[in-house]
Amino acid sequence: MKRNFQSSSELEKLRNGLHVGRPNIGDREALFKRINEILDRRWLSNDGPLLKEFEEKLAALLAVKHVVAMCNATVALEIASRALNLRGEVIVPSYTFIATAHALQWQEITPVFCDISPLTHNIDPAKIEQLITPKTTGILGVHVWGRGCDTEAIEEIAARRDLKVMYDASHGFACSKGGRMLGTFGECEVFSFHATKFLNCFEGGAVVTNNDDLAEKMRLMRNFGFQGLDNVIYLGVNGKMSEVHAAMGLTNLEALEEIIAVNKRNYEAYRTGLSNVPGISVIDYDPAERNNYQYVVIEVVSEVCPRNRDEIVEALHAENIIARKYFWPGCHKMEPYRSLQPNAGLLLTETERVAARVIVLPTGQAVDEETVARVCEVIRDAATR
Ligand code: T4K
C-alpha cells in the first residue's frame, strides 16, 4: 500500500469517490486479443514484438528517431540522466511530481530547485542562471500539465553555459510547443504512461531522442547493460516494459483522438461552469497547439474568492469528489529535500504561491458533462458561501 490512510472509512471513501486520474481505457476486445496473442507466443517481455510495435508507432507519431520504452517514467528519468552523464547539480523546478527530483537524488545528483512562472507553471528561464555553479551539469525542465516549457530560452542558456538539457514530459504526450511535438526538444524527453496519464500502459514510460548513441546506451541500460548474451558493458537496471504493458499502450493509442475529444469536452464544460465564480480561474491551453487536455486545473485567488483553496478542496472531498492539490507543497518541502536544503524556499516564492492556489479536478472518460456540472456546483457553492 502506498500510503497510511487515517481510517478504513477514509480508504473506503477514496475507493468509491470521483477521482482525479481515473484511467482512460481503449477497446477491450482489442486488448484481450493482443493479450491472447502474447500468451500464444509465450514471449512476455524483453524486447517483444508488441514493445517494438509500440516504440515504432510512438516514434512515427512524435516524428522522433528513437523511442526507448521503459517500465515507468521514474526509472526512465534515472536512466536518461545517467546516460547523459549528469552529475553534481541539476537545475529542476520544485513545482513537479516528486519523482522528477527523486530520480536525480536517487543517483546522488543534487536537484537545485528553480522557481516557476506563475503564468505557465513551468520553470522560469530568467531564474535559471543565478543557480548555475561549477557543479551544475544540466537542466531538467518539466512540461507541467502538458504545456511546453520555454524551450528556446532554456536551450539558449544551456548552450551558452555548456549544460545538457532534458525534459520531463510526463504530462505532455501528444502535445506540441510552437507546432513541434513535445518529445523532440533537448537531448531527450521522458513520458509517463502510468494508469493516471493521458496515454496509459497500466505502468510505463519512455525516453525519446534523436541522438543515436544516447538511444543505444539507454537500450542497454534498461536491460542490465547486456550487449549480447554474456557481455555486460554498462551499469544497468531492469527498466524493461513487458508485452502486456505494450499491448495496453497500443490499444489506448488507437483511442487517442477519442480520449482527447472527451477531455476537451470536459475541459470546456468546466470553463463554462466556472466562468462566473469569483476568484476561480481555469488554466488555459493555447488553441494554436496540440493539447491532450488531461488536466483540468483551477486556481483560487484568495484576494478575490471569499474561501481559500483548502476550504474548497475540503468542500469537494466532503462530496466525495477527490480533487487534488498537485504539486503542493512543492518538492523542496518534502523529504529528503526539506532537510537537505532547508532554505530552498527563499528563492521559490512563485512556486509556493502557485502550489497554494491550485486544484486539479476529475476528468477523462470516467467523467461526463453531468458530473462536471455537479463538481462546478460544489465549487460555486463553496466559493461563494
Ligand atoms: N514526472 C511527473 C511530472 C509526473 O507527474 C509523474 C507522475 C512522474 C514524473 C513519474 O511517472 P511514473 O513513474 O508514475 O510513470 C499520481 C500518479 O501515480 C503519478 O504517476 C503522477 N505523476 C502523479 C501526478 O499522480 P499520486 O500519488 O498522486 O496518485 P495515485 O497514483 O495514488 O493515483 C491518483 C488517483 O487516481 C487515485 O487516488 C485513484 C485514481 N486511480 C489510480 C490508479 C493507479 C484510479 O482510478 N485507477 C488506478 O489504476 O500520483
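The shown structure was predicted, so the numbers you read here are calculated from the model rather than taken from an experiment. Along the sequence shown, residues are numbered consecutively beginning with 1.
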Practice problem: Check the pair Asn24 / Leu199 against side chain to side chain contact (heavy atoms under 4.5 Å, CB included), numbers first and verdict last. | Solution: CA-CA 7 Å; Asn24 296 317; Leu199 175 68; over 6 Å; no
Quiz item: Is a side-chain N or O of Asp168 found less than 3.5 angstrom from the main chain of Thr100, in a donor-acceptor match?
Solution: no
Self-check item: Identified side chain to side chain contact (heavy atoms under 4.5 Å, CB included) partner of Thr120 from the options Ile123, Asn122, Ile116, Asp124
Solution: Asn122
Quiz item: Does some side-chain heavy atom of Trp145 sit less than 4.5 Å from a side-chain heavy atom of Val358?
Solution: yes
Self-check item: His171 side, atom NE2; Tyr295 side, atom OH - distance, nearest 0.5 Å
Solution: 4.0 Å
Practice problem: Verify, without hydrogens or angle tests, whether Gln341 (side chain) and Pro111 (backbone) share a donor-acceptor contact under 3.5 angstrom. | Solution: yes
Practice problem: Quick one: do Arg265 and Glu268 satisfy side chain to side chain contact (heavy atoms under 4.5 Å, CB included)? Show the steps, please. | Solution: CA-CA 5 Å; Arg265 178 204 67 197; Glu268 279 163 4; 6.0 Å; no
Quiz item: Nearest heavy-atom pair of Val300 and Ile359: which atoms, and what distance?
Solution: CG2-CD1, 3.8 Å
Quiz prompt | Arg160 CZ: over 12 foreign heavy atoms closer than 6.0 Å | solution = yes
Practice problem: For Ser339 and Glu335, test the side chains for any donor-to-acceptor distance below 3.5 angstrom and give the result as yes or no. | Solution: yes
Exercise. Tell me whether Trp106 is reachable from Leu140 by hopping between hydrophobic residues (I, L, V, M, F, W, Y) whose side-chain heavy atoms are closer than 4.5 Å.
Key: no
Quiz item: Would you say Thr136's side chain and Val90's backbone share a donor-acceptor pair under 3.5 angstrom?
Solution: no
Self-check item: Main-chain N/O of Gly26 paired to Thr251 side chain as donor or acceptor, under 3.5 Å
Solution: no
Practice problem: Evaluate the side-chain proximity of Phe173 to Leu62: yes if any heavy-atom separation is below 4.5 Å, no if none is. | Solution: yes
Quiz prompt | Heavy-atom closest pair, residues Ile312 and Cys305 | solution = CD1-SG, 4.0 Å
Quiz prompt | Common cluster, Val296/Val301, ILVMFWY with side-chain heavy-atom separation under 4.5 Å | solution = no
Exercise. In plain terms, say whether Lys333 and Glu352 are close enough for a salt bridge, that is, a side-chain N and a carboxylate O under 4.0 Å apart.
Key: yes
Self-check item: Verdict with supporting geometry, Asp27 and Glu254, side chain to side chain contact (heavy atoms under 4.5 Å, CB included)
Solution: CA-CA 8 Å; Asp27 186 289; Glu254 287 161 0; 5.7 Å; no
Practice problem: Using a cut-off of 6.0 Å, state whether more than 12 heavy atoms not belonging to Glu377 lie near its atom CD. | Solution: no
Practice problem: Quick one: pull up CG in Asn223 and CD1 in Ile79 and give me the separation to the nearest 0.5 Å. | Solution: 10.0 Å
Practice problem: Would you confirm whether Asn291, through its side chain, and Cys175, through its main-chain N or O, come within 3.5 Å as a donor-acceptor pair? | Solution: no
Practice problem: Check for a donor-acceptor pair, side chain of Asn292 on one end and backbone N or O of Gly172 on the other, with a separation under 3.5 Å. | Solution: no
Quiz prompt | Neighbour count >12 (heavy atoms, 6.0 Å) for atom CZ, Arg219 | solution = yes
Practice problem: Give the intermediate values and the outcome of salt bridge (Lys or Arg N to Asp or Glu O under 4.0 Å) for residues Lys177 and Glu189. | Solution: CA-CA 13 Å; Lys177 163 86 189 165; Glu189 303 211 41; over 6 Å; no
Practice problem: Establish, from distance only, whether the side-chain atoms of Arg180 and Thr184 form a donor-acceptor pair under 3.5 Å. | Solution: yes
Quiz item: Is there a donor-acceptor pair under 3.5 Å between the side chain of Tyr285 and the backbone N or O of Gly146?
Solution: no
Self-check item: Check: Ser192/His194 side-chain N/O donor and acceptor closer than 3.5 Å
Solution: no
Practice problem: Verify, without hydrogens or angle tests, whether Arg222 (side chain) and Gly239 (backbone) share a donor-acceptor contact under 3.5 angstrom. | Solution: no
Quiz item: Nearest 0.5 Å, what's the CE-NE2 distance between Met70 and His245?
Solution: 15.0 Å
Quiz item: So, do Phe226 and Tyr234 have ring centers that fall under 6.0 Å from each other?
Solution: no
Quiz item: Considering only heavy atoms from C-beta outward, does the side chain of Thr137 approach that of Lys164 to under 4.5 Å?
Solution: no
Quiz prompt | Crowding at CD, Glu370 (>12 non-hydrogen neighbours, <6.0 Å) | solution = no
Quiz item: So do the side chains of Val144 and Tyr95 get within less than 4.5 Å of each other, counting heavy atoms only?
Solution: yes
Practice problem: Show the numbers, then the answer: is there a side chain to side chain donor-acceptor pair (under 3.5 Å) between Thr110 and Gln105? | Solution: CA-CA 6 Å; Thr110 302; Gln105 187 71 43; 5.2 Å; no
Quiz item: How long is the span from the CD atom in Glu129 to the SG atom in Cys114, to the nearest 0.5 Å?
Solution: 10.5 Å
Quiz item: Between Ile298 and Ile379, is any pair of side-chain heavy atoms under 4.5 Å apart?
Solution: yes
Quiz item: Heavy-atom count around Asn231 CG within 6.0 Å, excluding the residue itself: above 12?
Solution: yes
Quiz prompt | Point-to-point distance, once rounded to the nearest 0.5 Å, from CD1 of Ile283 to OH of Tyr270 | solution = 13.5 Å
Quiz item: Please, which pairs that meet side chain to side chain donor-acceptor pair (under 3.5 Å) have at least one residue in residues 200-216, sequence neighbours excluded?
Solution: Lys65-Asp212, His66-Asp212
Quiz prompt | pair Gln107-Arg87: side-chain heavy atoms closer than 4.5 Å | solution = no
Quiz item: If you draw a 6.0 Å radius around CD in Glu258, do more than 12 non-hydrogen atoms from other residues or ligands fall strictly inside?
Solution: no
Quiz item: Is there a side chain to side chain contact (heavy atoms under 4.5 Å, CB included) between Thr363 and Val262 once you walk through the steps?
Solution: CA-CA 8 Å; Thr363 185; Val262 167; 5.9 Å; no
Self-check item: Donor-acceptor under 3.5 Å (Glu319 side chain, Ala315 main chain)
Solution: no
Quiz item: Side-chain contact, heavy-atom cut-off 4.5 Å: His332 with Arg338?
Solution: no
Quiz item: Any side-chain donor-acceptor pair under 3.5 Å between Glu243 and Ser45?
Solution: no
Quiz item: Take atom NZ in Lys264; do more than 12 heavy atoms of anything else shown fall under 6.0 Å from it?
Solution: no
Exercise. Go through the side-chain N and O atoms of His102 and Glu78 and say whether any donor and acceptor fall under 3.5 Å apart.
Key: no
Quiz item: So, do Tyr167 and Phe191 have ring centers that fall under 6.0 Å from each other?
Solution: no
Practice problem: Side-chain contact test, heavy atoms from C-beta onward, threshold under 4.5 Å: evaluate it for Leu50 versus Arg41 and give yes or no. | Solution: yes
Quiz item: Donor-acceptor pair, Glu311 side chain versus Asn308 backbone, under 3.5 Å?
Solution: yes
Quiz item: Nearest heavy-atom pair of Leu84 and Cys188: which atoms, and what distance?
Solution: CD1-SG, 4.0 Å
Quiz prompt | Any residue meeting salt bridge (Lys or Arg N to Asp or Glu O under 4.0 Å) with Lys33, in chain and number order, not counting sequence neighbours | solution = Glu37
Practice problem: Please determine, by modelled atom types, if Glu289 and Ser176 share a side-chain donor-acceptor pair under 3.5 angstrom. | Solution: yes
